[in-house]
Colleague: 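Could you have a look at this structure, given as structure tokens, before my questions?
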Amino acid sequence: MPKLASYNGKVDSIENIKVSPMSRAFLFSDSVYEVISFYKNKFIDFETHLDRLNHSLNETKISCSIEDCKTEIVKLLNESKFEDGYIYYQVSRGVDSIRSHFFEESDCERFGFIEEFSFFNQSPLKVMLVDDIRWQRCDIKSTSLLGNVLQMNDAKSAGCNEILMHKNGELTEGGASNIFFVKDKTIFTPELSPNILPGITRHQVIKIIKDKKLNFEEGSYGMDDLKEASSIWFTSTTKGIVGVEEIVNLETKINPECELLEICKNAFIKRYFS
Ligand code: PLP
């Protein structure tokens, strides 16, 4: 069955959507995006995703009404028959008359599609530790993901399904997720900075950790912390919380059985998926 999609507010089968090759999304990757999950037809943390989309739009100076985005995302969900899944939604600066780095005032261009998805089949991840070769504004959820794409595909060739990035030895995040690790019964995560995306799932997991009064610290961490970790987790909208079984290029002490991971996972499922 063809995917259902939305282009500038019009919902149609994805095959019927025509996008100009002069779109700045196509020419420059001049666009920002969100991935928003829904369960039993209800969005999870919708307003938080819209706030982050608004942040990305403001930081990139793309002028677009967040209310229009909201209406279009809701319309896409309402017109689909899916109960559980996610919506990918991007906003570009619009269509150029000539290709120029200098942008002019133009109408933004909005595109989204809906995907059916089951959230409960996540196997532990095999990951590769890699250099973070991305730009210095990773707090913006930009579609310019070449750094992630190249590193993730190198890792795939080594049998991995995620990467764990570090910038000059300082841990940042996964290729499409945030990271947590456990050491001495405390849960750690890299603090927010322009080098990481403020993940919505990261935020949800931190709320759970704080509600449960588990030992927790946000800060700056390196490879030695990973070597000492007893458990490493990745979080994202589509992964939820998932443990790591192996870092292929680093010797660690990680054990897939982790009591703190189970506590957080169970609370996460109870809070958002029941
Ligand atoms: N970090 C990066 C680079 C990502 O691409 C993503 C999700 O796509 C995340 C973190 C996790 O963010 P969220 O929990 O909002 O899905």
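Counting convention: from 1, in listed order, for ligands and their atoms alike. No hydrogens, no waters, no symmetry mates; every other heavy atom, side chains included, goes into these values. Just so it is clear, the structure is predicted and the values come from calculations on it, not from any experiment.
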Colleague: Taking the ring of Tyr86 and the ring of Tyr88, is the distance between their centroids below 6.0 Å?
Modeller: no
Colleague: Which heavy atom of the protein is the closest neighbour of atom 11 (C) of ligand 1, given with residue, atom name and distance?
Modeller: Asn178 OD1, 3.6 Å
Colleague: Do Tyr272 and Phe119 have ring centres separated by under 6.0 Å?
Modeller: no
Colleague: Would you mind finding which of Gly147, Gly240, Ala176, Pro198 brings a heavy atom closest to atom 6 (C) of ligand 1?
Modeller: Ala176
Colleague: For ligand 1, is there an N or O atom under 3.5 Å from any N or O atom of Thr237?
Modeller: yes
Colleague: Is it the side chain, the backbone, both or neither of Leu197 that has a heavy atom closer than 4.0 Å to ligand 1?
Modeller: side chain
Colleague: CG of Asn153: more than 12 outside heavy atoms within 6.0 angstrom?
Modeller: yes
Colleague: With nothing but distance in play, are any N or O atoms of Lys141 less than 3.5 Å from an N or O of ligand 1?
Modeller: yes
Colleague: Might you work through the side chain to side chain donor-acceptor pair (under 3.5 Å) test for Ser231 and Trp233, ending with a clear yes or no?
Modeller: CA-CA 7 Å; Ser231 172; Trp233 322 337; 2.8 Å; yes
Colleague: Are any side-chain N or O atoms of Asn8 and backbone N or O atoms of Arg110, one a donor and one an acceptor, separated by less than 3.5 Å?
Modeller: yes
Colleague: Tell me the protein heavy atom at minimum distance from atom 1 (N) of ligand 1, and give that distance in Å.
Modeller: Glu173 OE1, 2.7 Å
Colleague: Nearest non-hydrogen atom to atom 9 (C) of ligand 1 belongs to which of Ser37, Ser177, Gly199?
Modeller: Ser177
Colleague: Arg52 to ligand 1: N or O pair under 3.5 Å?
Modeller: yes
Colleague: Looking at the rings of Phe28 and Phe103, which for Trp means the six-membered one, are their centres under 6.0 Å apart?
Modeller: no
Colleague: Any idea how Tyr39 and Phe120 line up, ring-wise: parallel (<30°), tilted (30 to 60°), or perpendicular (>60°)?
Modeller: perpendicular
Colleague: Could you tell me whether Thr201 and ligand 1 have an N or O pair separated by under 3.5 Å?
Modeller: yes
